[in-house]
Each structure stands twice: as C-alpha cells, then as structure tokens.
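Chain identifiers are assigned alphabetically (A, B, ...) following the order of the sequence lines, protein sequences preceding nucleic acid strands; residue numbering begins at 1 within each chain.
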Amino acid sequence: MWKREILGTVMLLWALIFCTACGREWKVSQDKEFTIGVVTKSSTSEYWMSLCEGMEAAAKEYGMDVIILQPDSETNKEAQIKMMESLGKKNVDMIAVSPIDSESALEYLEAVGQRNIPVISYDDGFDSQQIPYVGIDNEKAGYDLMKYLAEQMGHRGEVGIISGPLTQRSHRLRIEGAKRYLEKEPEMTLAYVESGYSNLQMKEEEINRLQESFPEVEGVMVTSAATAMGFVDAVADKNMKIVSVDVQTDAVEALREGKITALTAQSGYTLGYETIRYIVETKNQETEEVQRIVEVQVLTKENVNEYIQSGK
Amino acid sequence: MKSKYLKSIRAKILMSILMITLLTLLAVTLIFYKQSARTIEDNCILSLQQRAKQVMDGLEKDICRAYHTNLYASCDSGLKEDIRFYLQTKKEGYLEELARLLREYKEQSSITSSMYLLIPEVGTVVTSEGYPMYRKGIPADKIKSVVQTAVEDASPLLIEDLIYDEEMLFSCVEEVKDEEGELLGYILSNTNESKLYYDYITGWNDKAVTEVVILDCQKKIVSSSKNGYMGNFYEKGQEYQGWLNGKETVGSDGGNIYIYYFSSFMETGLFAVVDKTMVLRDLQWIRWFFFGIPVVFLVVALILALYLSQIIYHPLKKLTLAMKEVSEGNLHMRVQIESGDEIEELSMEFNEMLDRIEDLIRQVIVEEGKKKDMEMEALQYQITPHFMCNTLNSIKFASFLKGDNEIGQIIGDFVELLQAVISKKGGFLTVEEEIHILKKYIRLQEFRYGTDFEVSYEVEEEAQQCLVPRLILQPLTENALLHGLDMKKNGGKLKICVLVAGEQLFLKVMDNGRGMSQIQIEKLLNSRVKKERGFTAIGIPNIRDRLELYYGEQGKIAYESSENGTTAIVYLPIRKDED
C-alpha cells in the first residue's frame with residue numbers, strides 16, 4: 001500500500017544523501033604563462049627595486065610570468081652575460097635586458113644561444129639599432145636638463161658633467177644631449193666630463209680634485225642620482241647648482257630642500273611596467289614599434305610636491 | 001479494525017503531516033549536508049594550494065640565492081687566478097685556497113649543502129667540505145656527463161655527485177672562463193636530497209597527504225616523501241600525467257585531491273596527493289549530526305501530529321456518533337460542536353435538518369389525523385344527518401302514539417347511536433359516553449337477534465372521565481357478538497371492563513364464545529381490508545391504526561383467546577383532555 005511507497009521514498013532519499021558524500025570529479029588548471037626573462041643592471045638601488053616592482057605588477061596584471069635576474073652592481077658585465085645564458089637555457093619566451101655594455105650587443109645575443117628568443121633592451125639600449133628599446137629619450141633628457149641648468153645660471157658660466165660609464169648608452173646620450181644644448185649658449189662653457197660613476201657615490205678625494213681643478217664651475221649635471229647624492233653633500237656649502245636624473249627618495253628630498261636644482265623624473269616603476277606592457281603588445285602583435293619612449297618630466301622645487309602627490 | 005483505523009481521517013491526517021515533515025527535513029538536511037561537504041572540501045583545497053605555493057616560493061627564493069652566489073663565484077677573479085696558477089704549477093696550495101673560497105661562498109647560501117669546483121683538465125674536484133677538500137682522478141665519463149648536462153640544461157639541475165658514487169645532487173652549475181674566454185672549469189652549488197627533504201618536504205607530512213614529490217621538467221624526482229629517490233623517474237608519472245602540467249593545477253577524481261604547483265625559475269613543480277576521506281573526516285561527525293537531527297524532529301513531529309489530528313478529528317467523531325444514533329431512531333439527538341470550522345457548520349446544518357424532520361413528522365401526523373377525520377366525515381355525510389334523525393324521530397313518536405313502546409324505544413336507541421356515529425365533534429369521547437353508546441348498540445343487536453345477551457359492565461370510577469377514541473369499543477363488541485358468541489345458542493355472556501392501571505387505561509371486551517385461533521387473531525390484527533359488513537365500516541384494523549396515530553407506541557390492541565372465550569384488550573394512555 002502507500003506505506004510501502006513511503007518507505008521506498010525515504011530509502012531513496014537516504015541513498016541520495018550518501019551518494020553526494022562521494023566525490024565529484026573536477027580539475028582546474030592554469031596554463032604556463034608567457035615567460036619573460038629579465039636581466040637588470042643591479043639590484044641595490046631604489047630605482048632598480050622599484051623597476052622590478054613595476055615589472056612584477058605588470059606581469060600579474062597581464063597574466064605573464066617574469067623571471068628577474070639581477071647582478072649585484074652595475075659593473076659586472078660577465079654576470080649579465082651568464083644570466084643571459086641561463087635565461088636562454090630556460091627557454092623563456094622573451095628576454096629584456098638593460099645592458100651594462102651597450103656596445104656588445106652581439107655578445108649578449110650569442111649568450112642566449114640559437115634558440116630564437118627575441119631580445120629587447122630597456123632602461124638602456126644597445127648601440128645596434130636592431131634591438132628594440134624601451135626607455136626614456138636619454139638625449140632629450142640631457143638636453144632638457146642642461147637647458148634648465150642654463151636658465152638657473154642666467155645663461156652664463158661654467159658647467160661640468162659627471163656621468164656613468166660611457167659603455168652605457170644612456171649616459172653617453174645624456175652627455176650628447178647636454179652638449180647639443182650648450183652649443184646654443186655662447187656664454188657658457190663645458191669645463192669637464194667625468195665618467196664611469198654610475199650608481200656609485202664619488203669618493204671624497206675625487207670630488208675635491210674636481211673642485212680644485214675647476215673652481216669656476218657653478219653647475220653640474222650628474223647623470224645618475226645615486227652619484228649625485230654623494231656630490232650634493234660634498235658641495236653643500238658652495239653655491240652649486242646640481243641637476244640629475246632618477247627620482248629616488250633621497251634625491252627627491254634633496255630637490256625639495258633645494259640641494260638639487262632639478263631632477264629628471266625617471267620612475268623605475270613606470271619604466272618596468274611599460275617594458276612589460278610593450279612586450280605584451282609585441283606578443284599580441286598590437287604594435288610594431290621598435291622603440292617605446294617613456295615620457296619624463298623635469299622636476300623642480302615648484303612642481304615636486306605636485307609630482308609626489310600625483311603618486312609616483 | 002486496524003485497517004479501518006488506517007483508513008480513517010485521523011490516520012490520514014497523521015500520515016500527511018508526517019510525510020510532509022519527513023520530506024522537508026530530508027530535503028533541508030540534504031542541502032545543508034552537501035553545502036557543508038563542499039565548503040569543507042573547498043577550504044581544504046585552498047589551504048593546500050597556499051601551502052604548496054608557500055613551499056615552492058620559499059624553495060625558489062633559496063635556489064635563486066644559490067644561483068646568484070654560484071654565479072658570482074664563477075666570476076670571481078681571484079678564483080680564476082687560483083685555478084690558472086694551479087694548472088700551471090700543480091701546487092696543492094692553490095687547491096686549498098680554492099677550497100677556502102668555496103667555503104666562503106657556500107656560507108652565503110643557506111640551501112647549499114656543498115660547493116664543487118670541477119677542473120676537467122686535471123680531472124679534479126675541489127670542494128667546500130672538510131673531507132675531502134679535493135679529489136683527483138675523477139672518472140672521465142662522470143665528468144663528461146656532468147658537463148654535458150650543464151651545457152644543455154638550465155640551472156638548477158639534477159646531476160650525479162662527482163665525489164660520492166650513487167648519489168645525486170640538485171645543483172646550479174656555471175662555467176668559469178678566463179678573460180680570453182678559455183674554459184677553466186665549472187663551479188657547482190649543490191643541494192643534497194636530505195636538505196631538501198628536511199627543509200621542504202617534512203612540512204607536508206600529515207596523515208591526509210599520501211604523496212608529495214618535487215619533480216623537474218622531465219618528471220624526475222628532485223625530492224619526495226620517500227627519501228633516496230633523487231634522480232629517478234617518478235614511477236607514478238604516467239598515472240598522474242593529467243595532473244602534472246600547467247602552472248598550477250588543482251583537482252579531484254573523487255577519492256583524492258591533487259595539487260600541482262610549478263616554479264618557472266627552477267622549472268620544477270610540487271605535486272601532492274591528499275586523501276579526501278582524511279580531509280572529510282570531520283564531515284563524518286557532521287554526517288551523524290545531520291542525520292540525528294531529522295530523527296529527533298521526526299519524533300517531535302509525530303507527537304505534534306497526533307495532537308493536531310486529534311483536535312481535527314474529535315468534532316468529526318462527535319458528529320459521526322450523533323448521526324449513528326439518529327439513524328437508530330433517536331430523532332431528538334442534537335450535536336454541540338464549537339470547532340469554528342466546516343465541521344461546526346456541518347453540525348449546525350445537521351441539527352437544523354433534524355428539527356425539520358421532526359416538524360415534518362408532526363405535520364404528517366396532523367395530516368394523517370386530518371385525513372382520518374375527513375374520511376370519517378366523508379363516511380358520515382352520505383346522508384344528511386339532520387334529515388335522517390328527524391325522520392327517525394318522527395317514526396319514534398308515531399310508534400309511541402300507536403302504542404308500540406318497544407319499537408319506539410328501539411328507534412330511539414338507534415337515533416342516539418346514529419348521532420353518536422355521525423357526530424362531528426372530535427375524535428374522542430369519555431368512557432362514560434362510550435359505554436352509553438355501546439349499551440344502545442347491544443340493545444339493538446338483541447332486538448335484531450331476538451335474544452338477550454348477558455352483558456356486564458365493570459367500569460372504574462377513575463376511568464369514567466378518561467378520553468378514548470370514538471367508537472373504539474363498538475367494533476370490538478360487534479366482533480365479539482357476531483363471531484364470538486353463538487347467536488343461536490343461549491348463554492352467551494359479554495363482559496365490558498374499563499380500568500386504570502398506572503398511567504394506562506384498559507378497555508376489555510370479553511366473551512365466552514368459541515374463541516379464535518392464533519392465526520385468526522393475527523389475521524384480524526394485521527389485515528388492512530375495511531370491514532363493510534357491520535354497524536360501521538370501522539374495523540379492527542382501523543382501531544389499530546387510530547391507536548397508533550393518536551398514541552404511537554403507547555396505544556395498542558390485543559387479543560387473548562381460548563375455547564372458552566375471547567378477550568379483546570385495548571390499552572392507551574390516560575387522557576383527560578383532548579390533545
């Protein structure tokens with residue numbers, strides 16, 4: 001009778017319950033993403049740290065994987081070459097390198113091996129025009145900086161340039177830009193160009209030497225802020241106008257305090273981010289640019305606060 | 001009885017409530033159980049994923065460190081110089097110096113268990129360890145295999161230990177080249193299996209995890225929960241093929257949960273198998289809990305259902321019983337129900353219905369009475385009574401005038417008799433009046449038959465004024481005279497008794513004639529045929545009918561008869577007023 005029906009229904013329901021305790025089959029898999037191998041110039045300065053941060057942020061956003069290998073300092077080219085080799089063996093999908101030696105493009109490429117992995121340069125380029133470049137227009141940066149310095153100096157006087165190693169294209173171009181500007185200034189002279197100081201603070205004796213040798217110099221362009229900071233403290237008591245590149249925290253602080261006159265805002269974070277973005281667009285064939293220029297701004301005491309608040 | 005109970009409304013209500021409760025409970029239980037199971041499983045998987053990520057990220061960081069250290073060691077100019085000098089001079093002092101450098105570098109990386117410097121030209125390996133500090137005469141084939149692997153694959157990689165036979169190492173390898181690009185040797189930063197096991201695998205050891213391995217891109221074991229398998233192909237690689245790919249894979253095949261997390265820098269992945277039943281162990285307890293609650297609630301529901309069904313059922317039962325009683329004849333039955341629902345309505349309608357039935361019955365009685373009256377009237381008006389009586393009176397006076405008193409007397413009796421019969425007034429006479437008429441009738445019969453009957457009358461004083469239906473004794477007497485007594489013989493006796501006993505009036509007509517058989521009595525009492533021969537057309541059946549009409553159960557006619565005589569008995573309730 002219907003008693004039996006009830007019993008049947010109850011048993012069926014109990015059976016269902018026990019069955020659901022048993023498993024369901026499922027799988028969620030995330031494929032290996034496009035892997036970008038990155039070689040930086042160093043790992044120790046704030047610029048490079050924020051650059052890596054920018055790269056990782058962009059990688060996450062675009063669903064890319066990024067392997068970053070960093071030499072300890074900007075002087076060890078051998079390390080960079082070995083890192084290129086490692087990335088080549090790992091068979092990454094693309095390599096981005098900021099070369100310590102802009103003149104040795106071939107060596108870098110050979111290190112990657114015969115693996116058909118595209119290579120681009122960022123932050124600093126190769127002399128060979130065939131390798132794409134993502135970064136600021138260093139020549140223009142030098143030009144603009146020198147222009148501002150000249151204005152601050154009333155378009156007269158002696159200036160000096162302290163730069164990183166000339167093997168690095170970025171520094172070379174900044175000097176070239178500065179020189180190009182100075183051609184326009186008849187009443188200004190370039191007293192000296194000291195190079196090889198990338199990322200390192202100058203030794204005190206060297207600073208003294210420069211000052212003794214060139215006492216008339218009132219304005220100096222230092223092509224990297226790390227080097228500039230050393231210089232800043234040494235010439236604090238003198239009325240020296242200093243312009244530089246890179247917005248690391250202490251440099252910005254010095255700018256606000258007036259110790260530095262102008263700073264080209266090359267943000268590591270932005271550059272890192274843009275590099276990855278360029279790679280993504282190249283991969284998706286959305287662009288065929290051979291270079292991507294990242295805009296920079298000349299920071300002065302007037303606009304530095306605004307810059308900070310806009311969220312560098 | 002039992003099956004009848006099961007079919008009753010009460011059982012049906014009970015069953016319905018229970019069924020609904022049961023279904024609801026089971027459905028809710030099912031849903032919640034499923035949800036809990038899913039939540040627990042999801043949480044477990046999430047935590048496993050995080051653990052896997054944590055372990056691999058940690059390992060990656062450490063290996064990265066080893067890689068860096070190794071790389072810088074390989075660029076170390078001092079190291080290069082020492083190698084060159086050794087190759088030139090073969091002075092062991094340089095080997096010691098190299099060992100010292102290796103020791104220094106080893107300190108910089110925590111995951112490095114040892115560092116080797118392989119100088120293939122002299123088949124020598126310098127180590128960072130105390131013993132051996134360096135070993136010469138390394139077999140060429142070993143060197144060759146290490147070199148080949150280092151050239152082809154990216155660090156870190158699985159290689160044979162150059163010093164210890166049958167051992168494998170997970171190492172970062174870098175070439176050491178001099179300024180001209182000449183190969184001086186290879187520097188290796190090694191991690192042995194136990195280091196990996198103790199630092200990275202043991203953290204995974206719990207009851208639920210049945211298997212955990214770290215595999216390189218060729219599916220060789222780098223480290224596993226079973227020590228001693230570094231470098232071997234993972235024997236379950238085929239079996240678990242579907243899970244060992246991608247950047248991150250999570251899934252289940254019903255019995256186990258599988259987690260795979262791949263590190264791109266190391267090109268190695270962590271694979272773990274977790275037994276679902278262990279994970280869902282907690283769920284077992286919840287399972288009993290979830291099934292216990294429906295049972296408890298079912299019991300509660302049962303009690304409530306019994307109570308509710310009783311409430312609904314009780315008025316219905318009352319109504320059912322009342323109807324039963326009515327059908328057995330008790331028309332005065334009424335039902336009192338105040339349940340406020342349709343059953344109360346039903347009971348009110350029922351009561352009204354019974355009221356109407358009783359009214360109708362009363363009406364019928366009245367109508368029947370009227371009908372009888374009308375029949376009576378119809379009978380009585382065949383001749384205009386007035387004419388008849390006047391004429392007879394004239395004859396009576398004429399008789400007296402002629403001197404025939406007897407005839408005049410008889411005619412006078414006859415007139416009275418007629419008047420009694422055809423009188424319009426009421427259906428009832430007093431006993432006194434009834435006896436009076438009877439006497440007249442008997443005298444007439446005596447005249448007709450020319451005999452005298454011996455008639456005696458016993459009428460109690462109390463009975464005299466009681467009301468009886470009109471002409472109730474006449475047919476009985478007629479019957480007694482005509483059928484009972486033998487007219488031709490003399491000695492017929494008739495006795496009329498009227499007495500009061502309790503609430504009843506007894507009227508008896510007794511004769512000493514030949515009696516009637518039982519069959520005859522029954523025939524007489526039950527016949528419906530109207531008698532037409534006699535003084536009136538009123539017969540015994542008519543008496544019976546009238547008694548029933550007026551008195552219902554309380555008025556009856558009966559006969560007792562033997563060969564010595566017959567007694568007709570009529571009893572009826574005492575009435576002194578006409579109803």
Side-chain angles (χ1 to χ4, degrees), chain A residues 1-3 5-7 9-37 43 59 63-73 75-83 85-93 107 110 113 115, chain B residues 3 6 15 18-19 22-23 26-27 29-30 33-34 37-38 41 45 64 67-68 70-72 74-75 77 150-155 157 172 174-175 177 179 217 242-243 245-258 260 262-267 276-277 280 283-284 287 290-291:
Chain A
M1 284 200 343
W2 47 270
K3 215 179 176 182
E5 286 165 18
I6 294 175
L7 202 65
T9 322
V10 171
M11 282 178 69
L12 184 70
L13 281 167
W14 273 67
L16 273 172
I17 289 172
F18 276 98
C19 273
T20 58
C22 311
R24 53 191 208 282
E25 282 190 32
W26 60 279
K27 186 203 282 191
V28 171
S29 187
Q30 193 188 347
D31 281 331
K32 280 186 202 162
E33 304 130 327
F34 189 83
T35 310
I36 303 168
S43 59
M64 304 261 144
D65 203 2
V66 62
I67 299 175
I68 304 180
L69 298 178
Q70 310 192 64
D72 287 341
S73 72
T75 54
N76 198 339
K77 176 183 161 192
E78 189 184 355
Q80 275 202 332
I81 299 289
K82 278 178 184 264
M83 285 173 179
E85 248 180 76
S86 291
L87 289 174
K89 281 191 204 162
K90 283 189 203 297
N91 228 345
V92 296
D93 298 302
E107 210 180 319
E110 274 175 2
R115 287 181 180 85
Chain B
S3 75
L6 283 177
M15 278 297 144
L18 284 177
M19 275 292 284
L22 188 71
L23 280 168
L26 282 174
T29 304
L30 195 67
Y33 178 78
K34 267 181 102 174
R38 190 161 291 174
E41 193 178 314
I45 287 171
C64 227
Y67 170 81
H68 260 90
N70 203 47
L71 192 119
Y72 273 96
S74 72
C75 298
S77 48
V151 163
E152 283 170 1
D153 298 331
S155 298
L157 36 79
C172 296
E174 286 292 337
E175 291 173 340
K177 288 186 176 159
E179 284 75 23
C217 43
W243 302 103
N245 45 38
K247 171 101 177 109
E248 195 178 341
T249 304
V250 178
S252 160
D253 66 355
N256 290 319
I257 299 174
Y258 301 98
Y260 181 71
F262 182 79
S263 154
S264 41
F265 174 74
M266 300 188 293
E267 291 186 287
K276 226 193 208 189
T277 55
L280 296 178
L283 201 62
Q284 282 287 80
R287 211 187 271 191
F290 272 134
F291 295 149

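Applying the side-chain contact (heavy atoms from CB on, under 4.5 Å) test to E110(A) and every residue at least two apart in sequence or in another chain returns L106(A). Taking the side-chain contact (heavy atoms from CB on, under 4.5 Å) definition, one finds that D72(A) meets it with S43(A), Y72(B), sequence neighbours left out.
Contact of L157(B) with chain A is not made at all, since no heavy-atom distance falls under 4.5 Å. For a residue to count as touching a neighbouring chain, one of its non-hydrogen atoms must lie under 4.5 Å from one of that chain's; by this rule E267(B) touches chain A with the side chain only. For a residue to count as touching a neighbouring chain, one of its non-hydrogen atoms must lie under 4.5 Å from one of that chain's; by this rule Y67(B) touches chain A with the side chain only. Both the backbone and the side chain of S264(B) come within contact range of chain A, judged by heavy atoms closer than 4.5 Å. Residue contact with chain A, scored on non-hydrogen atoms closer than 4.5 Å, involves the backbone and the side chain of F265(B) alike. Contacts between E152(B) and chain A at a heavy-atom distance below 4.5 Å involve the backbone alone (N, CA, C, O).
Between chain B and the residues T35(A), V66(A), N76(A), the largest count of heavy-atom pairs under 4.5 Å involves N76(A). For the options C64(B), S74(B), S155(B), heavy-atom pairs under 4.5 Å to chain A are most numerous at S74(B).
The backbone N or O of G242(B) lies less than 3.5 Å from a partner atom in the side chain of K27(A), making a donor-acceptor pair. Checking side-chain atoms of K90(A) against main-chain N and O of M266(B) turns up no donor-acceptor pair under 3.5 Å.
Looking at every heavy atom in both residues, A150(B) comes nearest to K89(A) through O-NZ, 2.7 Å. The shortest heavy-atom contact between D31(A) and K247(B) is O-CB, 3.4 Å. For the residue pair A79(A) and C75(B), the shortest heavy atom distance occurs at N-SG, 3.9 Å. Of all heavy-atom pairs between W243(B) and W26(A), the closest is CH2-O, 3.8 Å.
Note: D153(B) CG to N91(A) CG = 10.5 Å, rounded to the nearest 0.5 Å.
Counting only heavy atoms from C-beta outward, the side chains of E78(A) and E179(B) never approach each other to under 4.5 Å. Two residues are said to be in side-chain contact when any heavy atoms from C-beta on lie closer than 4.5 Å; S86(A) and E174(B) meet this criterion.
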